[in-house]
Protein chains: 2
Amino acid sequence: MSLTQLESARQGRITEAMKQVAADESMDVELLRSRIAEGKVVVPANVNRLATRFCGVGQGLRTKVNANLGTSMDMASVENELKKLDAAVRAGADAVMDLSTGGDLRAVRRAVMEACPVTVGSVPIYEAAALAARKHRNVTRMTGDDMLEAVRTHCRDGVDFVTVHCGVTREVIQWLRRRPRVCDIVSRGGTFLEAWIETNGQENPLYERFDEVMDICREFDVTLSLGDGLRPGALADACDPAQIAELQVLSELARRAIDGGVQVMLEGPGHVPLAQVQTQIRLQKEMTGGLPFYVLGPIVTDVAPGYDHITSAIGGAIAAAAGADFLCYVTPSEHLSLPNAEDVWTGVVATRIAAHAADIAKGLPGAADWDRRMSEARAAQDWKTQIELCIDPHLAQQKRSAGKSQNEDVCSMCGDYCVFKVRKDRAIGVRKP
Amino acid sequence: MSLTQLESARQGRITEAMKQVAADESMDVELLRSRIAEGKVVVPANVNRLATRFCGVGQGLRTKVNANLGTSMDMASVENELKKLDAAVRAGADAVMDLSTGGDLRAVRRAVMEACPVTVGSVPIYEAAALAARKHRNVTRMTGDDMLEAVRTHCRDGVDFVTVHCGVTREVIQWLRRRPRVCDIVSRGGTFLEAWIETNGQENPLYERFDEVMDICREFDVTLSLGDGLRPGALADACDPAQIAELQVLSELARRAIDGGVQVMLEGPGHVPLAQVQTQIRLQKEMTGGLPFYVLGPIVTDVAPGYDHITSAIGGAIAAAAGADFLCYVTPSEHLSLPNAEDVWTGVVATRIAAHAADIAKGLPGAADWDRRMSEARAAQDWKTQIELCIDPHLAQQKRSAGKSQNEDVCSMCGDYCVFKVRKDRAIGVRKP
């Protein structure tokens with residue numbers, strides 16, 4: 001059996017994936033290797049899918065961006081998923097997750113993986129739940145074996161990381177009962193498992209059988225993404241005892257994974273008040289000793305459906321600046337409908353903005369160079385370079401053309417009063433009539 | 001001559017404007033009065049324009065949002081300005097500024113003021129510069145008297161606050177020479193004044209004749225908005241000696257204004273790296289003893305033209321959470337063209353999101369209630385209330401309808417796997433075929 005990236009790193013071996021990530025990130029490969037060995041960096045890289053462009057996640061690396069894709073009952077077209085994938089990749093996503101719950105889940109996943117040049121993640125329990133729902137019209141009728149089998153299927157199919165909600169335990173759920181929430185559980189996986197535990201009166205199999213989960217992941221070098229099934233789904237629910245209790249469980253499981261040679265990251269919220277975002281990130285980092293943290297948003301207000309790419313860009317920027325390593329985008333359709341390809345594009349760009357602003361804050365070497373080049377082009381009234389350097393050159397050109405000035409060297413905001421023009425010409429005025 | 005709100009407050013008098021603001025903000029009117037007396041809150045309210053809906057800015061009040069309107073040489077239609085004004089007001093702007101530089105500036109300003117139910121600000125020096133440009137084809141040919149006359153004209157016409165770049169002094173400019181910037185000066189007013197000072201070899205008249213500026217403002221109770229002509233226009237330029245030197249000058253002038261009974265706020269940047277935003281705000285608050293701070297953005301990366309409503313929502317949220325009182329929006333067209341009505345709408349909503357997220361962070365009483373009501377509606381699958389509570393109900397409904405689920409009680413993201421439905425029904429499954 002081949003070694004995981006973590007096992008290789010621990011043995012002092014430098015893999016091809018490490019070399020590529022180190023080169024991409026301008027990080028010394030030996031430093032990268034040591035961080036992988038400590039578990040502070042992961043390089044999700046399923047041995048069954050080596051075509052992937054590797055993506056390192058963790059300390060000292062560029063903040064990464066994930067785009068959630070996937071069908072639903074109402075929109076189950078594979079073709080549409082491929083369009084969304086294309087939009088995500090062109091917009092610059094570092095990874096995508098297939099969260100399909102509608103149609104032939106395995107066919108969708110395989111189509112996405114075949115077309116996808118970047119890292120792919122998935123949530124196997126959706127498939128176990130969907131099979132139970134189809135067979136028994138009841139998600140709680142899946143068995144522990146079904147859950148493990150779904151994990152194995154996804155890993156064998158080649159996904160690079162899997163979200164597994166191992167922290168939704170009976171004890172953690174008790175905290176929800178003791179201190180009820182406004183929105184209870186909003187994670188789908190968390191909800192399925194809570195319903196399963198309550199109905200069957202048994203412990204979460206993904207927790208009880210964590211060693212088996214680890215064995216599967218180790219076999220294919222799939223990175224475990226420990227899902228926060230109890231992530232807050234309302235500002236009012238953030239940082240409550242249930243969330244923190246689950247984080248404790250996940251921290252412990254993550255340590256076990258690392259000891260067992262399995263790459264691992266933790267997932268985080270969710271809906272979080274702005275003033276609490278930094279605390280949430282620092283808490284995870286302290287509790288885990290600096291393991292990679294993958295957050296969804298966070299969204300800093302509940303009231304802006306239609307603009308949740310913005311609410312999450314605010315939270316994501318603050319989170320990443322505080323140390324979050326991997327941002328899951330939120331699209332303008334969140335809370336309203338399944339996103340379309342345009343939503344995917346907008347969500348990825350907004351999240352990349354947050355990640356980039358945070359990389360400058362993190363002091364990532366070279367992160368601010370892009371901004372400096374843009375500002376130099378601006379000062380030089382070099383519009384061609386300005387447009388090329390834009391995070392979305394096509395949109396920028398479109399907006400510039402739509403509101404075009406009569407004078408090529410300025411824009412229609414200021415016309416001849418353009419500050420750069422005034423400074424250059426000194427004696428400025430109005431155009432010749 | 002009537003008293004300014006500040007003079008009234010200092011004499012212990014409670015005005016109609018104070019009563020309305022106190023009621024709007026659920027603040028004790030005596031507390032509000034005392035803050036106005038200290039200069040920590042302003043209520044811009046030109047005595048010549050008492051029809052306005054008053055808007056308090058400062059400590060303990062809701063973070064306010066301004067939308068910049070105004071013509072340019074390339075787009076000088078009054079009709080278009082009225083469309084933009086309508087979009088700004090409907091989107092929830094607390095104030096608008098008319099920054100016109102094209103067409104008949106006074107006619108545009110008057111049309112906007114007549115139609116505008118909210119607070120209006122302006123930048124008189126644009127008019128002085130435009131007149132000089134038309135007459136002499138050279139903005140530096142305006143005189144100190146022309147500048148003062150423009151201030152007087154705007155005040156007499158009824159604007160509630162005026163941006164005056166009094167801090168662009170010869171000494172401050174020397175700092176720019178000693179430590180050059182990537183983008184030098186990007187404020188239009190600042191650029192005009194710097195060109196004027198350099199060409200005429202004289203001190204900034206708005207600084208030298210500050211007492212006259214104060215006299216005019218006091219006469220009409222126009223709030224002075226001390227413009228930061230040297231605000232950074234590139235991340236690389238933020239917090240440089242020139243910016244801080246100007247802030248020192250503005251802090252001193254602000255104190256003189258308050259002593260003279262003139263309401264005053266300071267303007268702030270601009271382009272600021274994320275990790276520096278909080279410091280910038282705290283610095284202003286410390287240097288001025290807590291006077292109202294009105295910031296533009298801040299934009300946390302230079303590379304996202306087309307998305308600067310997002311870069312500024314990130315910076316604005318952090319700034320307001322750190323104490324900024326008044327956010328000037330940035331639209332998706334910033335750096336590319338004059339915004340259209342759609343850009344104005346988007347800019348106002350994005351900035352309101354930032355302001356609201358910050359108000360929760362500031363601990364503004366009741367700010368989080370909106371979010372709680374939304375989350376309760378979400379948990380209850382009460383879609384009607386959810387849509388009504390959205391910051392932009394029309395867009396939210398549109399997105400929900402476009403990606404509609406077959407089942408009314410859920411959305412197409414999760415369909416029957418909706419967590420709230422699963423929790424309610426327990427035995428969930430797929431729909432009947």
Side-chain angles (χ1 to χ4, degrees), chain A residues 72-75 101 133-134 137-139 182-183 186 188 191 234-236 273-275 300-306 310 313-314 317 321 333 336-338 350 353 356-357 360-361 370-372 374-376 379 390-392 395-396 399-400 403 405 411-413 415 417 419 422 427-430, chain B residues 72-75 101 133-134 137-139 182-183 186 188 191 234-236 273-275 300-306 310 313-314 317 321 333 336-338 350 353 356-357 360-361 370-372 374-376 379 390-392 395-396 399-400 403 405 411-413 415 417 419 422 427-430:
Chain A
S72 70
M73 291 176 180
D74 292 296
M75 300 180 179
T101 56
R134 277 172 208 178
R137 298 194 53 73
N138 188 332
V139 290
V182 176
C183 280
V186 298
R188 288 192 297 206
T191 302
L235 295 198
L274 188 147
V300 294
T301 169
D302 303 331
V303 303
I310 299 179
I314 296 171
S333 280
L336 297 169
S337 71
L338 198 73
I353 288 169
H356 175 64
I360 298 170
W370 183 8
D371 299 73
R372 175 175 280 268
M374 172 65 91
S375 293
E376 286 166 352
C390 282
I391 197 163
D392 184 348
L395 178 75
K399 291 193 90 66
R400 174 160 160 76
S405 175
C411 88
S412 60
M413 168 82 85
Y417 295 118
V419 294
V422 169
I428 78 111
V430 289
Chain B
S72 71
M73 291 176 180
D74 292 295
M75 300 179 179
T101 56
R134 275 171 211 181
R137 296 195 53 73
N138 188 333
V139 289
V182 175
C183 281
V186 298
R188 287 194 296 208
T191 301
L235 295 198
L274 188 147
V300 293
T301 170
D302 303 332
V303 303
I310 298 178
I314 295 171
S333 280
L336 297 169
S337 71
L338 198 74
I353 288 168
H356 175 65
I360 298 170
W370 184 7
D371 298 74
R372 176 175 279 270
M374 173 65 90
S375 292
E376 286 167 351
C390 283
I391 197 163
D392 184 349
L395 177 74
K399 290 193 91 65
R400 175 161 159 76
S405 175
C411 88
S412 60
M413 167 82 86
Y417 295 118
V419 295
V422 170
I428 77 107
V430 290

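Naming: A, B, ... by sequence-line order, numbering from 1 per chain. Everything numeric in this text was worked out from a predicted model, so none of it was measured. Reckoned from all heavy atoms, side chains included, excluding hydrogens, waters and symmetry mates.
- In this structure, chain A has a heavy atom under 4.5 Å from the side chain of Ala321(B), while its backbone stays farther away.
- In this structure, the separation between CE on Met73(B) and OG on Ser412(A) is 12.0 Å, given to the nearest 0.5 Å.
- Put simply, NZ on Lys399(B) and OG on Ser337(A) are 6.5 Å apart, with the number rounded to the nearest 0.5 Å.
- Only the side chain of Met374(A) comes within contact range of chain B, with at least one heavy atom under 4.5 Å from a heavy atom of that chain.
- Most heavy-atom pairs under 4.5 Å with chain A, from the set Ile391(B), Ile360(B), Ile314(B), Leu235(B): that is Ile314(B).
- Counting all heavy atoms, side chain and backbone alike, Leu395(B) lies closest to Gly306(A) at CD2-O, 3.7 Å.
- From Asp302(A), atom CG reaches atom NE2 of His356(B) across 7.5 Å, with rounding to the nearest 0.5 Å.
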Step by step, would you call Thr191(B) with Tyr417(A) a side-chain contact (heavy atoms from CB on, under 4.5 Å)? CA-CA 9 Å; Thr191(B) 301; Tyr417(A) 295 118; over 6 Å; no
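- Ala313(B) approaches Ile310(A) most closely through the heavy-atom pair CB-CG2, 3.8 Å.
- Note on Leu338(A), Thr101(A), Asp371(A): by heavy-atom pairs under 4.5 Å with chain B, the leading option is Asp371(A).
- Between chain A and the residues Met413(B), Glu376(B), Met75(B), the largest count of heavy-atom pairs under 4.5 Å involves Met413(B).
- Contact detail for Ala361(A) and Leu274(B): the closest heavy-atom pair is CB-CD2, 4.0 Å.
- In terms of heavy-atom pairs under 4.5 angstrom with chain A, the leader among Ala396(B), Gly403(B), Cys183(B), Ala379(B) is Cys183(B).
- Going from atom CD1 of Ile353(B) over to atom OG1 of Thr301(A) covers 7.5 Å, rounded to the nearest 0.5 Å.
- Considering every non-hydrogen atom in both Val419(B) and Val186(A), the closest pair reads CG1-O, 3.4 Å.
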